[in-house]
Each structure stands twice: as structure tokens, then as C-alpha cells.
Amino acid sequence: MKKIVCLIVMAFYMTMVFGQSPKVQSAYNYLKNGKLDKAKTAIDAASVNESTSNKAKTWFYLGNVYLNIYMSPNEEYKKLSDNALDIAYDAYKKTKTLDTKEEFKNELQINMLIVAEQFYNKAVSYFNKDEFIQSKNAFLTSKEINESFGGFDSLATYNAAICAEYGKDNKGAEELYGTLIGLNFNQPLIYVSLTNVFRGEGNNEKALTIIKLGRERYPDDFNIIITETNLYLSMGNSEKALANLKVALQKEKNNPTIYFAVGAQYNIIVDDTTKTEEVRNDAFLEAEKSYITAIGLDSVYYDANYNLGALYVNKASEIIQYANSLPFIDKRYDTLKAKADGMLKKAIPYLEIAINLHPDDINALNSLREIYARLGMLEKATEIKARIDQLK
């Protein structure tokens, strides 16, 4: 969110001062001469005086004084009020109510728009300090002012929605994002954000409804595709998740994370013993290919290296388990053992990279120790055991 730089615009001053009470006129003169402390004292008195407290002019000048206090570069003047901008806004709203002859209509509109801009800038300042609820409220005030002149302030609404989301105000986020979606606001991320809000509440049904609508309106948007994929993954729907990942790969062919995710989904199929052997073997090859591609794009990708090593280890274990179930004299045993050992040898370099990246990874260390021991690499097995003992 970019910080909006606003030129400090002096509030409009009325040039006609005839008929003003002494206090109102004094406030005007002090304001005109930049003496904001004295202008404040005078206009505060006028705002509670019975003869001037019900006049639009009084409240228009009070708004002008407090707006200038808020926007003043002089820190001493700024200290005159802790909530000068809010007071200015309230004063202008009261002016509008009292100004039945619309004497201040044009000037009031200009100043109100200045107030709206200042609330917007204030919201940005809050956002940059991670004060998200205050930021949301300031954006909503800016939106309220701008919309009082007609139309819909989509930008302030969107920013307020983001702040509500970041500030964990789920109800506010749902309402604001929902409004934008209802108006078909042209920003794909609103579907991603609202989906994540619903997911955070554990409401996958609403989340799925929103992200599907996003896919309908923005079928090629990468962020929406990935968000829908993650939702399917959290719901255990691997087939739809995998289908989405294949679409994502068409858009991000050099993204190792997506190849890893594809491999992980095929890995689930490999481990699913309810599937046929043919399906699981095909999934093994696809998982292997996807992990290798991910590593080719990012050689120090820990998850891809570890998963590929684990894929080979698990396959070797499955082969050995089958071989051990054969009759003692079955000649296939030696062939199967050699195949399992081949898988273990394939696993070694990837698990070694994994433990170099994460030296404290007990799972990877234990797997390597078992592989070294099974392959007769006793010196390395001893070395790994020593590392494991140091971590205990």
C-alpha cells in the first residue's frame, strides 16, 4: 500500500465577514493571519455561546480552524488538539445541517474533500505502523465523506477490507470484501482474501463458494488457482488439487514450488494402498519427475530433496517387504534386493543435501544411517549415529 503524499491545502476562508459576532470574526481574523492558537480560543468560545452556537458560519469556521491545526507544519499548533481532524469533520457535518440557505455549499464541499484526503493519508500512516483497525476506521471515514457526494469509493473500501483482514476483524473483512465482490470490483485478490478469511474460520464451504466464483470471473489468475488448490488440499481432495496444479504449471513453468506440490500430490497416490499397483507405479514416476524438476530449478530446495530421498527409501522398503514374503528358494529375491539397493543408492545424495541444509533433521539422519548400514557403508553409518547422539 503506497503512502499518498498530499500537498497541504489551506482551508477556504470566507471573504465576506459582515454581521459576524465578535468571537466568530476574531476567529476568522486570527485564522487568516495564521494565529491558530488564538483562532481556536475564539471559535471554541463562539461554538458554546448561545447567540452563535446554532449558526452554520460558526461551525464552518470551527472546521477551518481545526483542519488547519491538523495540517499545520508547526508542532506547537498541532499540540492544540489531539483529534483535530475528527473535530473538523464533525464541524463540517454540522455546518451542512445548519446551512439551509447553502451559503457555504461550494466551500464546504472543497474542505470536506480535503478532510477525506487527510483521513486517507492518516489511514496509510496507521497501516504502515501495523495499526490495522485504526487504519480500517480511517479508510472508512474517508469513504463515508467521498460517498456523501455520490458514487462508491472502491479504493477506500478495498483498503479498509485489507486492514480488517490483517487486523483479524473477520466480520468487517467479510462485509467489505463481500460488498466489493457483489459489485464485481476488478481485483482478483479480493476472492483470495475472502477465501482465506473463511478458511481461517474453518468455513470451507463458504471459502469454496467464493474461490469458485473467483475462478469463474478470473479463470487464468495464478493466485486464485493456487488458493483454490490449497483449499482442495486442506479438504483432502487431491485429485482436484492436482488438476489445478497442472493448470498452474502452464502459467509458472519455472516455479520449483509448484513442481514440488505436484510431486507431493503424486506422492499421496503412491502411498495409497487402495490404488492399483499400476496406478501407484505411474504416480511414483510422476512424483520422481516432479521432484527432480523442482531440484533442477532450485538445487537447495530442502523439501524437494528430502521428499525425493524419502520416495526412494519408501519404494525400497516396499520392494524388500515383498521380497521377504517370497519363499526362501524363490530366485526373484536377489533381483528384488538389488532393485531395492538401487533405490537406496538413489536416495543418498538427496538426503545428504537435506541434512546439509538442515543439520538437525533427525528423520533425514536416521534414514541415512539405515541406508548406510544396509548397504554396508559402516563408517558413514557410525558417523551419522554420532551426529544423532549429539542431538539427543
Side-chain angles (χ1 to χ4, degrees), residues 1-17 20-49 52-53 55-96 98-99 103-131 134-146 148-149 153 156 159:
M1 189 179 294
K2 294 182 179 179
K3 189 168 183 178
I4 306 300
V5 179
C6 170
L7 294 176
I8 295 181
V9 182
M10 295 298 290
F12 181 86
Y13 306 122
M14 293 292 294
T15 55
M16 301 297 291
V17 295
Q20 298 179 89
S21 71
K23 289 292 184 184
V24 176
Q25 184 170 349
S26 294
Y28 166 82
N29 289 330
Y30 285 134
L31 178 59
K32 185 178 180 181
N33 292 313
K35 297 178 180 180
L36 298 183
D37 51 346
K38 293 183 178 181
K40 177 183 180 299
T41 299
I43 202 63
D44 283 348
S47 68
V48 296
N49 185 283
T52 52
S53 62
K55 293 184 178 181
K57 186 177 295 182
T58 300
W59 294 99
F60 180 64
Y61 286 160
L62 189 144
N64 288 352
V65 169
Y66 277 88
L67 180 58
N68 275 269
I69 287 172
Y70 179 78
M71 298 172 66
S72 175
N74 186 322
E75 290 300 321
E76 292 303 313
Y77 283 153
K78 277 186 171 296
K79 292 178 183 178
L80 293 172
S81 175
D82 292 332
N83 58 338
L85 189 60
D86 295 276
I87 293 172
Y89 178 36
D90 289 339
Y92 287 142
K93 285 193 289 186
K94 192 161 186 176
T95 302
K96 189 174 182 179
L98 295 173
D99 190 21
E103 180 182 1
F104 301 97
K105 180 180 179 180
N106 293 333
E107 296 83 2
L108 183 62
Q109 180 170 342
I110 293 171
N111 288 6
M112 287 278 272
L113 290 173
I114 293 172
V115 170
E117 188 174 21
Q118 292 305 311
F119 269 112
Y120 191 99
N121 291 347
K122 190 176 183 180
V124 171
S125 178
Y126 279 134
F127 184 88
N128 289 337
K129 293 184 289 186
D130 294 341
E131 296 176 2
Q134 296 93 320
S135 182
K136 179 202 74 171
N137 292 335
F139 277 127
L140 289 178
T141 301
S142 177
K143 162 184 160 67
E144 177 183 271
I145 298 170
N146 287 327
S148 69
F149 299 106
D153 191 341
N159 288 339

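Only this structure's heavy atoms are used, side chains among them; waters, hydrogens and symmetry mates stay out.
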Is a donor on one side and an acceptor on the other found under 3.5 Å between the side chain of [X] and the backbone of [Y]?
X: D99; Y: T95; result: no
X: S142; Y: A116; result: yes
X: T41; Y: D37; result: yes
X: T58; Y: T52; result: yes
X: N146; Y: D153; result: no
X: Y92; Y: N64; result: yes

Reference residue I43; test side chain to side chain contact (heavy atoms under 4.5 Å, CB included); the match among Y61, W59, Y28, Y30: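 Testing I43 for a side chain to side chain contact (heavy atoms under 4.5 Å, CB included) against Y61, W59, Y28, Y30 leaves exactly one candidate, Y61.
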Could you state the interatomic distance from [atom1] ([X]) to [atom2] ([Y]), rounded to the nearest 0.5 Å?
X: K96; Y: M112; atom1: NZ; atom2: CE; value: 6.0 Å
X: N29; Y: K35; atom1: CG; atom2: NZ; value: 10.0 Å
X: S148; Y: Q109; atom1: OG; atom2: CD; value: 8.0 Å
X: N74; Y: L36; atom1: CG; atom2: CG; value: 8.0 Å
X: I69; Y: L31; atom1: CD1; atom2: CG; value: 9.0 Å
X: S53; Y: L62; atom1: OG; atom2: CG; value: 11.5 Å

Trace of the side chain to side chain contact (heavy atoms under 4.5 Å, CB included) decision for K122 with T141: CA-CA 10 Å; K122 190 176 183 180; T141 301; over 6 Å; no
Close side-chain approach of D44 to V48, heavy-atom, < 4.5 Å: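 Of all side-chain heavy-atom pairs linking V48 with D44, none is under 4.5 Å.
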Check: N111 and V115 side chains under 4.5 Å, non-hydrogen atoms: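 No, every pair of side-chain atoms sits at 4.5 Å or beyond.
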Residues N159, Y120; criterion side-chain hydrogen bond (donor to acceptor under 3.5 Å, both in side chains); working and verdict: CA-CA 10 Å; N159 288 339; Y120 191 99; 2.7 Å; yes
CG (D82) with more than 12 external heavy atoms under 6.0 Å: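 Not more than 12 within 6.0 Å, no.
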Heavy atoms of other groups near K23 NZ, more than 12 under 6.0 Å: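 Count not over threshold, so no.
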Charged N-O contact under 4.0 Å between D90 and K93: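 The answer is yes: the pair qualifies as a salt bridge.
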K78/E75 salt bridge by N-O under 4.0 Å criterion: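 Judged by the 4.0 Å cut-off on N to carboxylate O distance, E75 and K78 do not form a salt bridge.
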Heavy-atom pair with the smallest gap, counting every atom of A88 and G63: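 Looking at all heavy atoms of both residues, the shortest contact is CB-O, 3.6 Å.
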Residues Y70 and N83: side-chain donor-acceptor under 3.5 angstrom: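 Looking only at side-chain atoms, N83 and Y70 do not form any donor-acceptor pair under 3.5 Å.
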Verdict with reasoning, F127 to K136, per side chain to side chain contact (heavy atoms under 4.5 Å, CB included): CA-CA 8 Å; F127 184 88; K136 179 202 74 171; over 6 Å; no
